[in-house]
There are 2 protein chains.
Amino acid sequence: MTYNPEIYNDQRPNVGVTIVPFIYDEQVIKTLVYKRPIDAEQFANTHALPNCFYDRKKFKTTDEAAKHALLVKTNISIPYMEQLHTFSGDHIDPNRINTINITYFALLRKSDILNISEKNFVSEWMDVDKLLKKDNFAFNHHEVLSLAWNRICSKAEYTPIATQLLDEKFTIVEFKALTELLMNTKLNNSRFRDRVEKSELLIPCSGEFENRKTRPAQLYTVNPHIKDFFYPRSMTKAT
Amino acid sequence: MTYNPEIYNDQRPNVGVTIVPFIYDEQVIKTLVYKRPIDAEQFANTHALPNCFYDRKKFKTTDEAAKHALLVKTNISIPYMEQLHTFSGDHIDPNRINTINITYFALLRKSDILNISEKNFVSEWMDVDKLLKKDNFAFNHHEVLSLAWNRICSKAEYTPIATQLLDEKFTIVEFKALTELLMNTKLNNSRFRDRVEKSELLIPCSGEFENRKTRPAQLYTVNPHIKDFFYPRSMTKAT
DNA sequence: GAAATAGTGTCTTTTAGACAATATCAC
DNA sequence: GTGATATTGTCTAAAAGACACTATTTC
């Protein structure tokens, strides 16, 4: 029963991490993809999401590896990150059939992104809508993007996750428009405001308004005391 | 850029899977744990959840490995299984700091469990309540159990997941009692029945009733046409 | 009939949904 | 004032919640 570190070596999978970063820019959601070199051994000239191998010498946890995969392609802090799913199977990497892919998504603020260009590769923030229609992704990155997109859209319905994509200060109108985009439906105005009020999720930045050429809108910021908030579900409790 | 399979070998983690199986038995939820041998190299004489290494030679996917980890300890089919989370970090296995744990939970029917005893180890279905209070689990299995328990309890509120723990035919009273157990609250009788009716989740087994010494209760079965059902959330859609 | 549990109905309160009305800015 | 958008209010419909009532069995 003594542990021999060599025993399992040839059975150990390649473990990689992939992260799907989202930003809200010009009324659409975008994600960061980079183009693989034309002379790449596999998936040449196709799009891929930020990813790297999980190397225990470099990273204590896969979360750290995922952050690294994103940070070398941006240079920003990550306000919100969540593990998505772990994929396994031969389809992930045809050249390395023993591969596991631990996936994450992240929500970033456009204003936090200072410089997304790097010398080593060409990366680009592209419309999620358009990317989902493409089928020539590297690895299993289409299913990863698709799952990430479904997750964030679902969560927009019962959590205030969309606020993570907005600037620090934002108006209710902006919050509503983004939620509508994610939910792919129009929402009732009064109800949306009532919900925000009752939940105490947002606190008004007193005296601060956004000025366009119309009536100024109150600016709000996320209430830091409220963590892991879920909007009330309609469930039937008894006294 | 040519791939050399040896390059990453000493960086590759041990990948293990853990599965938390639940049954509903005698009005409580139980999970299967086995006791590690007294002479085990590590975590001797402590409880552990069903687990095994992920060996690509044996399993094409980690899902298959998770099923295997459970099946060698039971000998049943697995009606419902879901991936939970992938853990990494030094705390999982002190003897193998480069370890990753891909975790699952499963929902079983007590009636499907024919023979849970095996010769190679002692396993036992124990109250989840009691297990959660113990702190001497092997590996990170306490956090795995805790996460699994939270997940199933949350899902009982907005999905009919609890039906997976009941026999094929069950009464609404049984379904309600189990949901109350998971949600840790009493539920409104009429509302619960209305919800079941409207959702068309259950179909009555016509003419079949459960007979106790009181008024017989209608038996229902899960509508096979309804997949991935979520109870309606209160969200504010506009026309 | 009594006891026990299954299932239904009724009333009140709360929330959702539609949409009108008012408010505040630039010009 | 007009135009544009923000914000509030009002009315109606639907759902939740509390709880009483009726139904069907065994004894």
Side-chain angles (χ1 to χ4, degrees), chain A residues 27 156-158 160 166-167 169-181 183-221 229-239, chain B residues 27 156-158 160 166-167 169-181 183-221 229-239:
Chain A
Q27 312 304 311
E157 180 161 357
Y158 58 95
L166 297 168
D167 287 341
K169 295 175 182 181
F170 53 88
T171 69
I172 293 200
V173 171
E174 288 165 345
F175 181 27
K176 174 166 171 278
L178 174 54
T179 306
E180 288 176 333
L181 175 66
M183 286 182 61
N184 195 30
T185 182
K186 288 282 171 190
L187 297 174
N188 181 292
N189 197 0
S190 324
R191 302 270 81 236
F192 192 86
R193 284 168 185 276
D194 280 1
R195 157 167 290 205
V196 168
E197 288 256 320
K198 277 196 184 171
S199 63
E200 296 179 345
L201 272 170
L202 306 184
I203 36 186
C205 308
S206 52
E208 293 194 59
F209 297 88
E210 189 186 57
N211 262 311
R212 296 186 192 139
K213 288 170 187 170
T214 71
R215 173 174 176 177
Q218 175 72 57
L219 286 170
Y220 291 83
T221 187
F229 182 83
F230 287 65
Y231 293 123
R233 303 172 197 281
S234 45
M235 177 52 112
T236 316
K237 299 215 177 76
T239 40
Chain B
Q27 314 302 313
E157 181 160 357
Y158 58 94
L166 296 168
D167 287 341
K169 295 175 182 180
F170 53 87
T171 69
I172 293 199
V173 172
E174 288 165 346
F175 181 27
K176 175 166 171 276
L178 174 54
T179 306
E180 289 176 333
L181 176 66
M183 287 182 60
N184 195 29
T185 182
K186 286 284 170 189
L187 297 175
N188 181 292
N189 196 3
S190 325
R191 302 269 82 236
F192 193 87
R193 284 168 186 276
D194 281 0
R195 155 166 292 203
V196 168
E197 289 256 318
K198 279 197 183 168
S199 63
E200 295 178 348
L201 272 170
L202 306 185
I203 35 188
C205 309
S206 53
E208 292 194 60
F209 297 88
E210 189 185 58
N211 262 310
R212 297 189 192 139
K213 290 172 185 170
T214 71
R215 173 174 177 176
Q218 176 72 57
L219 286 170
Y220 291 82
T221 187
F229 182 84
F230 285 65
Y231 294 122
R233 302 172 197 281
S234 43
M235 176 54 111
T236 315
K237 300 213 175 78
T239 41

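For the numbers below, each heavy atom of this structure counts, side chains included, while hydrogens, waters and symmetry mates do not. Numbers restart at 1 for each chain; the letters A, B, ... are given by sequence-line order, proteins then strands.
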May I have all residue pairs that pass salt bridge (Lys or Arg N to Asp or Glu O under 4.0 Å) and include part of residues 172-181 of chain B, sequence neighbours excluded?
E174(B)-R212(B), K176(B)-E180(B), E180(B)-K186(B)

CD/E210(B): more than 12 non-hydrogen atoms of other groups inside 6.0 Å
yes

Heavy atoms from C-beta onward define the side chain here; which of dA15(D), dA16(D), dG7(C) lies closest to that of R193(B)?
dG7(C)

Restricting both atoms to N or O, compile the protein contacts to nucleotides 9-12 of chain C shorter than 3.5 Å, with distance only.
residue: dG9(C); atom: O6; partner: S190(B); partner atom: OG; Å: 2.2

Between F192(B) (CZ) and dG7(C) (C1'), how many Å, whole number?
14 Å

Is the number of heavy atoms from other residues, nucleotides or ligands under 6.0 Å of E208(B) CD greater than 12?
yes

Taking 4.0 Å as the cut-off, does a side-chain nitrogen or oxygen of R191(B) come that near to OP1 or OP2 on dA16(D)?
yes

For nucleotides 23-27 of chain D, which of its nitrogen or oxygen atoms have a protein nitrogen or oxygen under 3.5 Å away, and what is each distance?
residue: dA23(D); atom: O4'; partner: R215(B); partner atom: NH1; Å: 3.4
residue: dA23(D); atom: N3; partner: R215(B); partner atom: NH1; Å: 3.0
residue: dT24(D); atom: O2; partner: R215(B); partner atom: N; Å: 3.4
residue: dT26(D); atom: O4'; partner: K213(B); partner atom: O; Å: 3.0

Without decimals, in angstroms, what is the distance between E197(B) CD and dA16(D) P?
14 Å

Please give, in whole Å, the distance from dA16(D) P to D194(B) CG?
8 Å

Please give, in whole Å, the distance from dG17(D) P to K176(B) NZ?
13 Å

Expressed as a whole number of angstroms, how long is the span from L219(B):CG to dA6(C):C1'?
12 Å

Return no unless some side-chain N or O of K186(B) is found under 4.0 Å from OP1 or OP2 of dG17(D).
no

Check the distance between dA4(D)'s P and E210(A)'s CD and give it to me in whole angstrom.
18 Å

Donor-acceptor pair, side chain of D167(B) and main chain of K169(B), under 3.5 angstrom:
no

Expressed as a whole number of angstroms, how long is the span from F170(B):CZ to dA6(C):P?
15 Å

Tightest non-hydrogen contact, residues F175(B) and T179(B), listed as O-OG1, 2.8 Å

What distance do S206(A) atom OG and Q218(A) atom CD have between them, rounded to the nearest 0.5 Å?
8.0 Å

Taking all heavy atoms of Y231(B) and all of E157(B), pick out the closest pair and write down the distance.
CD1-O, 3.7 Å

Separation of dT7(D) C1' from N189(A) CG (nearest whole Å):
8 Å

